[in-house]
K.L.:
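Sending over a structure as structure tokens; questions will come in a sec.
A note on names: the letters A, B, ... follow the listed sequences, proteins ahead of strands, and every chain is numbered from 1.
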Amino acid sequence: MNDRTTTASAEPGDDVTVAGWAHEIRDLGGIAFLIVRDKTGKIQVKFEKDAMDDELVETGTEVARESVVSVTGAVEEEERAPTGVEIVPDSVEVIAPADPELPLDPSGKVDAELPTRLDNRTLDLRREEAKAIFEIRAEVLRSAREAFRELGSTEITTPKIVATGTEGGTELFPITYFGQEAFMNQSPQLFKQLMVGSGLERVFEIGPIFRAEEHNTPRHLNEATSIDFESAFIDHEEAMDACEQVVRAAYEGVAANCADQLDTLGYDDFEVPDEAFPRLTYEEAIERINATGELDTQLVWGDDLPTEGEKALGTDVGGHYFVTDWPSEIKPFYIKDYDDETELSTGFDLMAPNMELVSGGQREHRYDQLVEGFEAQGLDPEAFDYYTKMFRYGMPPHAGWAIGGERLVMTMLDLPNIREAVLFPRDRQRLSP
RNA sequence: GCCCGGGUGGUGUAGUGGCCCAUCAUAUCACCCUGUCACGGUGAUGACGCGGGUUCAAAUCCCGCCUCGGGCGCCA
């Protein structure tokens, strides 16, 4: 395949071999066109029936759509061709024929519903729009990694098979580990904290997390990609600065490197957020939600923000924003409370703007307070000994956060369903493919 | 976990008790067509998720099952 030329790089005057999929055949009688599609685009192959070998014409014009073909011939400039060039073939080979009845139409003439598309993801990703989402997703991850390196963090990977959950409460997928009870990890939280106490100090991880909640919404997955950051010697304010930097880098990377993909998806007005993300306290947030009048009942201090309230506030603010200073009781035990106001947590969320995108905070690094926190949440500190004991050997003050990777792509591209941002989503109903 | 809504040819749809041996588009098959670019024309094949019930009559109403989507809770 070394001699293969991509459709985009075929220049007039060249003798080339292109390989790709039979996108469409237009047979006009005496002349017929085969459109070959590859990763880089499409090119037209011309068959003038009277002037060409019958077998060549037959192979090229009777091949089933979506079959893999290889075409060798001369590239000619032709203004009537869709791309300005076309191939006059010397030979056509059908490398892998496709069944004539396709489970969905990659040419996009007829829409398919999401479940049909997910059942046939390979064919779905032959469509430019679906392909563009995953090229953008790759750019988001690339630019996030670059931003993390600029922040001086080291990329780590932590175990996904664990003996105990992170936060208790949350549903975990149980598995059997050589006869022992184990779980799929819901978050790298505890492990990344252990690493800020190591010589690495500042770390990030991009990896899968597993949640066994039986929710069924367009914004939840049971297997998601978490973009985690944790650093020694920073507080929650500095953690928010870092978070903003990484989110912004992802937008900048996409704006700079994915113009074609954005165009394919119809975004002619893709914008990198230009202002610093506003930081609202929890108290300000519930006041503003109450002021919108969108909710039937008024929120009071201590309530978690209901979905409806998040949407109302998101519309009110109109962009990304942080919510800070939460009541301690609705944030997990490993988040530190303010020293002078122990009923207030340093935990924060980043809203994007209608959905929670990030959660983070300054962590409790003091051994005694951490163990108290476990007990207060009804967890047995003994079960987390591998974690707590390291807080006895010099654990620095630290803070961090986690971005929902798919939610970042979803909110960035305004996708109607988070499953659009995962190749093979795992949700309540779907375990295959 | 609680609550709502949907399943009609390969794909996407019309259809609200008789006008339905089921509409339209696209795909597929056959024939015609020398510049298509959503090519065009003629014809053909192909479907009511499964099971039970109500009724003279069921795609349509009822019950159960399967399956999919969504809302809330919770969360990334």
K.L.:
Classify A:Asp99 by what it touches in the nucleic acid, base, sugar-phosphate, or nothing, heavy-atom distance under 4.0 Å.
P.N.:
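Nothing, no nucleic acid heavy atom in range.
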K.L.:
Taking NZ, NE, NH1 and NH2 as the nitrogens, is one of them in A:Arg126 or A:Glu66 under 4.0 Å from a carboxylate oxygen of the other?
P.N.:
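A:Glu66 and A:Arg126: salt-bridged.
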K.L.:
Using the closest heavy atom to pick a nucleotide of RNA chain B for each, name whichever of A:Gln429 or A:Ala224 lands nearer the 5' end.
P.N.:
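Here A:Gln429 is the residue nearer the 5' end.
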K.L.:
Watson-Crick or G-U wobble partner for B:C61, using a 3.5 Å limit on both distances?
P.N.:
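B:G53 - that is the nucleotide pairing with B:C61, both distances being under 3.5 Å.
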K.L.:
Nearest heavy atom decides the nucleotide; on that basis, is A:Glu113 or A:Ala51 closer to the 5' end of RNA chain B?
P.N.:
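Residue closer to the 5' terminus by nearest nucleotide: A:Glu113.
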K.L.:
Grab the N/O contacts between the protein and nucleotides 70-72 of chain B below 3.5 Å, and write none if there aren't any.
P.N.:
unit_1: B:G70; atom_1: OP1; unit_2: A:Asn417; atom_2: ND2; d: 2.5
unit_1: B:G70; atom_1: OP2; unit_2: A:Arg419; atom_2: NH1; d: 3.4
unit_1: B:G70; atom_1: N7; unit_2: A:Asn216; atom_2: OD1; d: 2.9

K.L.:
Check this for me: does any side-chain nitrogen of one of A:Lys49 and A:Asp27 sit under 4.0 Å from a carboxylate oxygen of the other?
P.N.:
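The answer is yes: the pair qualifies as a salt bridge.
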K.L.:
Do the side chains of A:Glu78 and A:Lys46 get close enough for a salt bridge, i.e. N-O under 4.0 angstrom?
P.N.:
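No, no charged N to carboxylate O under 4.0 Å.
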K.L.:
Using the P atom as the point on both nucleotides, what is the distance between B:C29 and B:G46, in whole Å?
P.N.:
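Result for the P pair: 16 Å, nearest Å.
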K.L.:
Would you jot down, in residue-number order, the residues of residues 201-209 of chain A having a non-hydrogen atom under 4.0 Å from RNA chain B?
P.N.:
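Close to the strand, none.
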K.L.:
Quick one: do the A:His398 and A:Gln193 side chains pair a donor with an acceptor below 3.5 Å?
P.N.:
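Looking only at side-chain atoms, A:Gln193 and A:His398 do form a donor-acceptor pair, the distance falling under 3.5 Å.
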K.L.:
So for atom CD, which belongs to A:Glu223, do other residues, nucleotides or ligands contribute more than 12 heavy atoms lying within a distance under 6.0 Å?
P.N.:
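More than 12 within 6.0 Å, yes.
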K.L.:
Strictly below 4.0 Å, heavy-atom distances to any atom of RNA chain B: list the hits from residues 69-93 of chain A, or just say none.
P.N.:
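Going residue by residue through residues 69-93 of chain A, the ones with a heavy atom under 4.0 Å of RNA chain B turn out to be A:Glu78, A:Arg80, A:Ala81, A:Pro82, A:Glu86.
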K.L.:
What contact category does A:Ile403 fall into here, base, sugar-phosphate, or nothing, at under 4.0 angstrom with non-hydrogen atoms?
P.N.:
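Result for A:Ile403 = nothing.
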K.L.:
Would A:Arg419 count as a cation-pi partner of A:Phe424, with NZ or CZ less than 6.0 Å from the six-membered ring centre and within 45° of the ring normal?
P.N.:
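Here A:Arg419 fails the 6.0 Å and 45° test against A:Phe424.
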K.L.:
Take nucleotides 3-8 of chain B nucleotide by nucleotide from the 5' end and write B, S or -, depending on whether a protein heavy atom sits under 4.0 Å from the base, only from the sugar-phosphate, or from neither.
P.N.:
------
K.L.:
Across all strands, who's sitting opposite B:C33 as a Watson-Crick or G-U wobble pair, both distances under 3.5 Å?
P.N.:
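Its partner is none (no Watson-Crick or G-U wobble pair with both distances under 3.5 Å).
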K.L.:
Would you list the protein and nucleotides 26-30 of chain B atom pairs, both N or O, that sit under 3.5 Å from each other?
P.N.:
unit_1: B:A27; atom_1: OP1; unit_2: A:Lys109; atom_2: NZ; d: 3.0
unit_1: B:A27; atom_1: O3'; unit_2: A:Arg65; atom_2: NH1; d: 3.2

K.L.:
Between A:Glu135 and A:Arg137, does at least one N-O distance fall below 4.0 Å, as a salt bridge requires?
P.N.:
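No salt bridge links A:Glu135 with A:Arg137.
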K.L.:
Does the distance from a Lys or Arg side-chain N to an Asp or Glu carboxylate O, for A:Glu364 and A:Lys336, drop under 4.0 Å?
P.N.:
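So A:Glu364 does not pair with A:Lys336 through a salt bridge.
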K.L.:
Whom does B:A76 pair with, Watson-Crick or G-U wobble, provided both distances fall under 3.5 Å?
P.N.:
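Check on B:A76: unpaired, no WC or wobble geometry under 3.5 Å.
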K.L.:
Going by salt bridge (charged side-chain N to carboxylate O under 4.0 Å, His left out), name the residues that satisfy it together with A:Arg279, two or more places apart in sequence or in a different chain.
P.N.:
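Listed in chain order: A:Glu237, A:Asp241, A:Glu244.
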K.L.:
Would you call A:Arg407 and A:Glu356 a salt bridge, taking side-chain N to carboxylate O under 4.0 Å as the test?
P.N.:
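Salt bridge: no.
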K.L.:
Check A:Glu252 with A:Arg248, please: is the shortest side-chain N to carboxylate O separation under 4.0 Å?
P.N.:
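Here A:Arg248 does not pair with A:Glu252 in a salt bridge, since their nearest N and O are not under 4.0 Å apart.
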K.L.:
Which one is paired to B:G5, where only Watson-Crick or G-U wobble pairs with both distances under 3.5 angstrom count?
P.N.:
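Paired with B:G5, as far as the under-3.5 Å criterion goes, is B:C68.
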K.L.:
Regarding B:C68, can its base be found pairing with the side chain of A:Arg430 as donor and acceptor, where the two atoms are less than 3.5 Å apart?
P.N.:
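No pair found.
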K.L.:
Name the nucleic acid region contacted by A:Lys49, choosing base, sugar-phosphate or nothing; use a 4.0 angstrom heavy-atom cut-off, strictly under.
P.N.:
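The answer is nothing, as A:Lys49 stays clear of every strand by at least 4.0 Å.
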K.L.:
Does the distance from a Lys or Arg side-chain N to an Asp or Glu carboxylate O, for A:Glu205 and A:Lys192, drop under 4.0 Å?
P.N.:
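Not counted as a salt bridge, because no side-chain N and carboxylate O are separated by less than 4.0 Å.
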K.L.:
Angle between ring planes, A:Phe384 versus A:Phe374, binned at 30° and 60°: parallel, tilted or perpendicular?
P.N.:
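The rings of A:Phe384 and A:Phe374 sit tilted, inter-plane angle from 30° to 60°.
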K.L.:
Give a yes or no on whether a salt bridge exists between A:Asp124 and A:Lys131, defined as a side-chain N under 4.0 angstrom from a carboxylate O.
P.N.:
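Salt bridge absent between A:Asp124 and A:Lys131.
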K.L.:
Applying a 3.5 Å limit to both distances, which nucleotide forms a Watson-Crick or G-U wobble pair with B:A14?
P.N.:
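Pairing partner: none.
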K.L.:
Starting at CG of A:Asp119 and ending at P of B:C68, how long is that distance when rounded to a whole Å?
P.N.:
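A:Asp119 atom CG is separated from B:C68 atom P by 9 Å.
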K.L.:
For B:A44, give the paired nucleotide (Watson-Crick: N1-N3 plus N6-O4 or O6-N4; G-U: N1-O2 and O6-N3; both under 3.5 Å), or none.
P.N.:
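By the stated definition (distances under 3.5 Å), B:U28 pairs with B:A44.
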